[in-house]
Amino acid sequence: MPVGDLTDQGSTAELKGWAALAKQYRDKGMDFLPLMGNHEDSFSYTVEWIDTMKDFIPKDAVHMSGAEYLDYFVVRENVMIIVLKYYHLPIAFPWIKNAIEANRGKVEHIVVASHDGLVGAKYGETREMIVEGTEGDNRLFDQWDDIRAFFAKHDVLWMQGHEHMYQRSVIRAPLGVDSGSWTVESGNYRMPMYTQVMVGNASYKGYEYRYGERELVQNVIQQKMNTMSKGSTAFDVMATFLSFDNKRVDMASYFTEHTIKDNADGAKELANPSWKLFDKFSRTTNRCERIVFPDSIPASTRPVMQFDPQYWTNDCNGRDGSVARLIDGENKTFNRVESTTRTLSWTPGFSRAQSQAQLMRLAYQFMFQYHEAWTPNLNGANRLIPDPESEFDVIVPETTIDLKEHVSLSWLPASTETVSDILIVSGTQNQTGTFSSPYGAPKNIEVDPGLPGSQPDGTAKGPIALPKTATKKWDIGDAVSDAYTLEFKMPSKVSPNEATLAQKTSAGWKPLTTSTCVVNGAYEKSMLSTPPSRPAGCEGQPLVGLDTKDGNRFWAVLQSDVEVALVRK
């Protein structure tokens, strides 16, 4: 899915160059789903785009009437992929709804590929079409709630380009609009939100992080930019993979750095790139999830709303009667990022807003969290300030943002090697304590303070004492999560005498710990910091216990994402 801006100037030569490169891979069996970005939209002729891309867009694609070869979808096995041209979301949304509803019984996963997106990092149609939008242009304005609710209901994965940086976030559905994320019959609570991924950069430029997190509707899970300026020493090239297997989806994002500023520079570092994994998740359509906040939140703010740094969840039910939940741990290892100061503007007689106050209202209504004690803004008490030098501008101050974790518990049916359904724990291992300037320059989260005014009380976020396990690297291949405790209640059909809790490894299913090292008894909170004594030889093995007094519950203290199930002893 090449997500737009396949050219710089939309020239014939550039389109032919892209096609010549892509043809080599198409002829080896790779399907392409190309889409038009703003660089093609601004410079190239639609007829030339169609002439070039019709040989790549699959023959079985279903096209939107009037936007053939611009907006279309394909179905591959149980996955539906919808492709949108730049700025076409509000135009195409009614068609998207009809297409998804018509195919919902055939597919289990919905992917939307676009150039720009609803909620941006630097851009975003919400800012451009609504907050700074034109009076009378209400197409997106009127569909704003319905889009978020519909995408949450159908668990959409939104993949986009345009921003020349990487960002994974979750976008929340509105209250009072059917987002259908949970029912009594389904049994498990999937949150009313959908995942948005800006898949990164693949060019000679990188953008700084402007405006920051849109806290009203967004939680940022991972953010990476590299601009080769102001302390950043390179650009990034990034590649994101989605892998589907029945009800399961795995995402993995990789990056490599380079210092190429022009074709004339040659391949340089990209002649032999060193790819590093920096973001990932694994989940299924049957899951429970929650957002785990960093423990940098002021203690006085923690009781408010959902701001909770603890690893604890509701019960998550397997189809076979297994029940899992997280019961202990705290998010002490997290990434931090800064944004730049920007302005929002309005034009008399043209803009939707016709005063500074109206522009601030729109920004707080659609993007930023208005700060009050009962609705705190974790990125600062003053996210918007009237520009004292221009009545036509509102300032969005620079701020420091601590990233959140999207933690999920997902179920898969039992395999021939397990005697219970399989549980996937994901989202605990993605952050290592990195701290980036808005331009991608590295900072030290244990030494460098955040920007003034970045805490809810108006102070600056302070340096963080990271756990010793934090690597502060972008490469998460050897990342260690904060310690958390998983509880796994055995289904009634399985006896603790015949089964033990095991982890799936590259070599197959292996018990989390040897039988002689399993602690007999219930978990106690003190065990997270002070493990109970175990026999000699248990050092280095995970702390695992079995409580047989309350429904045969295994519990385990872990420091990574895992895939676990019961296997025969």
Side-chain angles (χ1 to χ4, degrees), residues 3-4 37-38 84-94 96-97 112-152 156-165 167-177 179 192-198 207 209-221 223 339-340 342-347 350-354 356 358-370 377 379 383-384 393-397 399 401:
V3 287
N38 59 296
L84 297 180
K85 174 187 175 291
Y86 172 69
Y87 248 41
H88 266 205
L89 170 61
I91 298 169
F93 180 60
I96 292 171
K97 287 181 67 176
V112 173
S114 72
H115 187 58
D116 54 339
L118 184 65
V119 179
K122 171 186 175 183
Y123 299 113
E125 292 183 11
T126 304
R127 177 179 72 82
E128 296 171 327
M129 293 186 181
I130 297 179
V131 177
E132 292 184 304
T134 303
E135 176 64 27
D137 180 9
N138 293 333
R139 195 188 298 264
L140 183 61
F141 184 92
D142 292 341
Q143 298 179 106
W144 160 251
D145 281 343
D146 289 338
I147 289 171
R148 290 180 295 131
F150 188 80
F151 287 173
V156 162
L157 279 167
W158 183 290
M159 316 299 287
Q160 70 165 89
H162 195 39
E163 304 268 356
H164 292 275
M165 67 183 81
Q167 183 187 86
R168 175 162 64 97
S169 64
V170 293
I171 310 300
R172 292 189 292 278
L175 293 174
V177 181
S179 58
M193 62 190 187
Y194 68 93
T195 295
Q196 173 181 280
V197 183
M198 298 168 189
Y207 288 156
Y209 190 17
R210 306 178 186 179
Y211 301 101
E213 186 175 51
R214 277 70 159 170
E215 310 91 358
L216 185 67
V217 296
Q218 179 188 43
N219 291 128
V220 177
I221 310 302
Q223 174 80 40
S339 65
T340 59
R342 303 297 297 182
T343 57
L344 302 170
S345 302
W346 66 277
T347 303
F350 185 82
S351 301
R352 189 186 312 279
Q354 284 295 292
Q356 273 186 335
Q358 288 181 3
L359 185 57
M360 290 183 69
R361 173 184 60 79
L362 287 169
Y364 278 130
Q365 185 179 351
F366 289 93
M367 295 200 304
F368 302 115
Q369 177 64 53
Y370 188 77
N377 188 312
N379 299 321
R383 283 296 273 129
L384 300 173
D393 294 324
V394 168
I395 297 170
V396 185
T399 192
I401 302 156

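Listed for the Q354 side chain is a donor-acceptor partner under 3.5 Å among the backbone atoms of T347. Judged by distance alone, the side chain of S114 and the main-chain N or O of Q160 form no donor-acceptor pair under 3.5 Å. In this structure, the side chain of R210 does not engage the main chain of T340 through any donor-acceptor pair within 3.5 Å. Looking only at distances, no side-chain donor or acceptor of Q196 sits under 3.5 Å from a matching main-chain atom of I171. R383 places no side-chain N or O within donor-acceptor distance of the main-chain N or O of V396, the cut-off being under 3.5 Å.
Here Q365 contributes atom CD and L216 contributes atom CG; the two are 9.0 Å apart, rounded to the nearest 0.5 Å. Here the CD-CD1 distance, from E215 to I401, works out to 7.0 Å after rounding to the nearest 0.5 Å. One finds the CD atom of Q369 at 10.5 Å from the CG atom of N379 (value rounded to the nearest 0.5 Å). In this structure, CZ in F366 is found 7.5 Å from CG in D145, a value given to the nearest 0.5 Å. With values rounded to the nearest 0.5 angstrom, F141 atom CZ is found 13.0 Å from T134 atom OG1. The CG atom of L384 sits 13.0 Å away from the CZ atom of R361 when rounded to the nearest 0.5 Å.
R214 and G212 make their closest contact through NH1-O, 3.1 Å (heavy atoms, listed as atom of the first residue, atom of the second, distance). Shortest non-hydrogen contact noted between D116 and K85 is OD1-O, 4.5 Å. Among all heavy-atom pairs drawn from V3 and H115, the shortest one is O-ND1, 2.8 Å. Between Q167 and Y209 the shortest heavy-atom distance is NE2-OH, 3.4 Å. Minimum heavy-atom separation, Q143 to P94: OE1-CD, 3.6 Å. For the residue pair R342 and Y211, the shortest heavy atom distance occurs at CB-CE2, 3.4 Å.
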So L362 and W346, side-chain contact (heavy atoms from CB on, under 4.5 Å) or not? Walk me through it.
CA-CA 11 Å; L362 287 169; W346 66 277; over 6 Å; no
Please step through side-chain contact (heavy atoms from CB on, under 4.5 Å) for the pair H162 and M198, ending with a clear verdict.
CA-CA 8 Å; H162 195 39; M198 298 168 189; over 6 Å; no
Evaluate the criterion side-chain contact (heavy atoms from CB on, under 4.5 Å) for residue pair I96 and I147; output intermediate values, then yes/no.
CA-CA 10 Å; I96 292 171; I147 289 171; over 6 Å; no
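Relative ring orientation between Y364 and Y370 is described as perpendicular, the plane-to-plane angle rising above 60° on a 0-90° scale split at 30° and 60°. The aromatic rings of F151 and W158 sit tilted, their planes meeting at an angle between 30° and 60°.
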What pairs of donor and acceptor atoms, side-chain ones from residues 121-133 against any protein atom, are under 3.5 angstrom apart with sequence neighbours left out?
| unit_1 | atom_1 | unit_2 | atom_2 | d |
| --- | --- | --- | --- | --- |
| T126 | OG1 | L118 | O | 2.5 |
| R127 | NH1 | E132 | OE1 | 2.6 |
| R127 | NH2 | K122 | O | 3.4 |
| E128 | OE1 | Y87 | OH | 3.3 |
| E132 | OE2 | S345 | N | 2.7 |

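No side-chain heavy atom of Y194 sits under 4.5 Å from any side-chain heavy atom of V112.
R139 and D142 are not joined by a salt bridge, as no carboxylate oxygen comes within less than 4.0 angstrom of a charged side-chain nitrogen.
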